[in-house]
There are 2 protein chains.
Amino acid sequence: MTSGLRERKKLATRLALHQTALQLVAERGLDGVSVDDIAGRAGVSPRTFFNYFPTKDDAVVGIDASAVGQAAERFAARPAHESPVEALRAVHAQQAAEMAGEPETLWPLRLRVIDEHPVLIARLHAVFGSAERALAEAIAVRTGTTVGADLYPTLLAAVSGVAVRAALHAWLASDFTESLPALVDEAWDVLAAGLPAPRP
Amino acid sequence: MTSGLRERKKLATRLALHQTALQLVAERGLDGVSVDDIAGRAGVSPRTFFNYFPTKDDAVVGIDASAVGQAAERFAARPAHESPVEALRAVHAQQAAEMAGEPETLWPLRLRVIDEHPVLIARLHAVFGSAERALAEAIAVRTGTTVGADLYPTLLAAVSGVAVRAALHAWLASDFTESLPALVDEAWDVLAAGLPAPRP
DNA sequence: CCGAAAGGTGCAGTCAGTGCAAAGTTGCGC
DNA sequence: GCGCAACTTTGCACTGACTGCACCTTTCGG
């Protein structure tokens, strides 16, 4: 199904561009790398680069909105008896586990590079943002309200993004020694408790 | 103190550029407006435009990080007996009140324009993001931890940004009929309660 | 009124990103 | 195997954001 030669080649090229971009930016910084550099080292023409990513920044971040958008679908598929927060926690647990399953070094490198460049942080936020809009819709359906009429869907969707980003940040801060799923869970514990000041 | 001719002129030019940018983008969309257009109508050279804003997008959003950075200072200045959440709520209440005090139409127009352009949403997030980093430091001080060692400061700082953004979004959705401070407060009520599903 | 400091401007250049049309590849029915 | 249709890659030309530099104009303090 996904195994046409065309499909596989496209996937491979996309990944090659992303990894090349990451590596070069890690070495020289975002401004020290041009699209021509990335395309050249990945073995395609500069023009082709833009068939795969709309901007240079997107190639470095390398996460497409569709992958993140599945969160909303999974949320909608959770059993109806779960509260919104419970359902979200379950979805995040699954996602965090999948991320841990990807090639070892990809996420660490990605996060390190993104963390050093505010522009890329913003890009990452933008990707999350579009996912959160979809999620807000799904939450509204589950709680029987609409996005326009009630704060809750927007708020919870945004908080869910925060939980993941805070966990990713802590993961990076721990130099990837801690468990990502555990960090996500910890973040949700704090959120579900209403953000009480931690005991020192 | 702030009343040198130079100072006032700079402020005026900055505001003129921002308002011109907003107005033009509202009429023609972000891609229908060039920097030359904005500079021309605001009565300065295109080159001068970039003395005031680093990018076209920043001119449209028109919020500089320093203004947002004061949140961290105000937070640090809150009485020590307040919990982090209490202190944040107080800071936000003050900020929301100040925003309501600005020229009537500026925020509505800003929010409408930003909301229509994902790139600008990302820019706004970036501005908030830098403020949140400063805030996280201040929170870490107040709770006796460090940003690297504990999830809490990052998490709470990000949540505070979410509270404001969700309130702004709801304000826009209400066509600016509701009270912004009330919306911010409402968002914090939900957050402080641990995000329980709303009663329908 | 003058000299120093700061802001405004023109110029030339780099690079991101796009539309278009001409190759080059791949998939598929025969 | 063959060849046509569909898709991808690529080169080219162009727009527009953004920058460094050098020069001019305005403001400020004495």
Side-chain angles (χ1 to χ4, degrees), chain A residues 1-18 20-22 24-25 27-62 64-65 113 117-120 122-123 126-127, chain B residues 1-18 20-22 24-25 27-62 64-65 113 117-120 122-123 126-127:
Chain A
M1 193 94 230
T2 63
S3 55
L5 177 55
R6 255 180 185 142
E7 303 290 327
R8 267 179 294 126
K9 249 189 161 178
K10 276 195 80 167
L11 259 299
T13 303
R14 191 188 161 85
L15 185 59
L17 282 170
H18 170 47
T20 307
L22 267 183
L24 286 178
V25 173
E27 288 168 15
R28 307 185 210 158
L30 193 55
D31 293 343
V33 177
S34 70
V35 168
D36 289 29
D37 294 337
I38 301 169
R41 197 186 281 200
V44 296
S45 78
R47 186 65 187 78
T48 297
F49 176 96
F50 291 106
N51 290 341
Y52 285 89
F53 296 98
T55 70
K56 183 173 83 171
D57 297 353
D58 281 301
V60 178
V61 172
D64 58 339
V113 166
H117 300 276
V119 190
L120 300 181
R123 210 59 165 213
V127 175
Chain B
M1 192 96 228
T2 62
S3 56
L5 177 57
R6 253 178 187 149
E7 303 291 327
R8 266 178 296 125
K9 250 189 162 176
K10 275 195 80 168
L11 260 299
T13 303
R14 190 188 161 85
L15 185 60
L17 282 171
H18 170 48
T20 307
L22 267 184
L24 287 178
V25 173
E27 289 168 14
R28 308 186 210 156
L30 193 56
D31 292 343
V33 177
S34 71
V35 168
D36 289 30
D37 293 338
I38 301 168
R41 198 187 279 205
V44 297
S45 77
R47 187 65 186 79
T48 297
F49 176 95
F50 291 106
N51 290 340
Y52 285 89
F53 296 98
T55 70
K56 182 172 85 170
D57 296 353
D58 281 301
V60 179
V61 172
D64 56 338
V113 167
H117 300 276
V119 189
L120 300 181
R123 210 59 165 212
V127 175

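Labels below follow one simple rule: chain letters A, B, ... track the order of the sequence lines, proteins then strands, and each chain is numbered from 1.
- The side chain of Ser34(A) lies closest to dA16(C) when the candidates are dA16(C), dG8(C), dT10(D).
- Between Phe49(B) atom CZ and dA17(D) atom P there is a gap of 9 Å when expressed in whole angstrom units.
- Between the P atom of dA16(C) and the CZ atom of Phe53(A) lies a distance of 15 Å, rounded to the nearest Å.
- Atom CG in Leu30(A) sits about 20 Å away from atom P in dT14(C), given to the nearest Å.
- Across all strands, Pro46(B) comes closer than 4.0 Å to no nucleic acid atom at all (heavy-atom distances).
- Comparing dT9(C), dT9(D), dA17(D) against the side chain of Phe50(B) picks out dA17(D) as the nearest.
- As rounded to whole Å, 11 Å separates atom P of dG10(C) from atom CG of Asp36(B).
- Atoms CG (Leu11(B)) and C1' (dG7(C)) sit 14 Å apart, rounded to a whole Å.
- Residues Lys9(B) and Asp57(B) each lie close to DNA chain D; by heavy-atom proximity, the contact nearer the 5' end of the strand is made by Asp57(B).
- Counting heavy atoms from C-beta on, the side chains of His18(B) and Val60(B) never come closer than 4.5 Å.
- With distances taken from any side-chain atom of Lys10(A) to the nucleotides dG11(D), dT8(D), dA17(D), the minimum falls on dT8(D).
- Side chain of Thr13(A) to main chain of Lys9(A): a donor-acceptor pair is present (N/O by atom type, distance under 3.5 Å, no hydrogens or angles).
- Side-chain nitrogen and oxygen atoms of Thr48(B) include none within less than 4.0 Å of the OP1 or OP2 phosphate oxygen of dG8(C).
- Rounded to whole Å, the distance from CZ on Arg8(B) to P on dG7(C) is 15 Å.
- At whole-Å resolution of the value, CD in Glu7(A) and C1' in dT26(C) are 12 Å apart.
- One can place CG of Leu17(B) at 10 Å from P of dT9(C), the figure rounded to the nearest angstrom.
- For the pair Thr20(B) (side chain) and Ala16(B) (backbone), a donor-acceptor distance under 3.5 Å is present.
- Side-chain atoms of Arg123(B) and Thr55(B), non-hydrogen and from C-beta on, do get closer than 4.5 Å to each other.
- Residue Tyr52(A) places no side-chain N or O under 4.0 Å from the OP1 or OP2 atom of dT8(D).
- For the OP1/OP2 pair of dC15(C) and a distance below 4.0 Å, the side-chain nitrogens and oxygens of Lys56(A) include no atom meeting the criterion.
- For Arg47(A) against dG17(C), no side-chain N or O and base N or O form a donor-acceptor pair under 3.5 Å.
- A donor-acceptor contact shorter than 3.5 Å is absent between the side chain of Lys56(B) and the backbone of Ala21(B).
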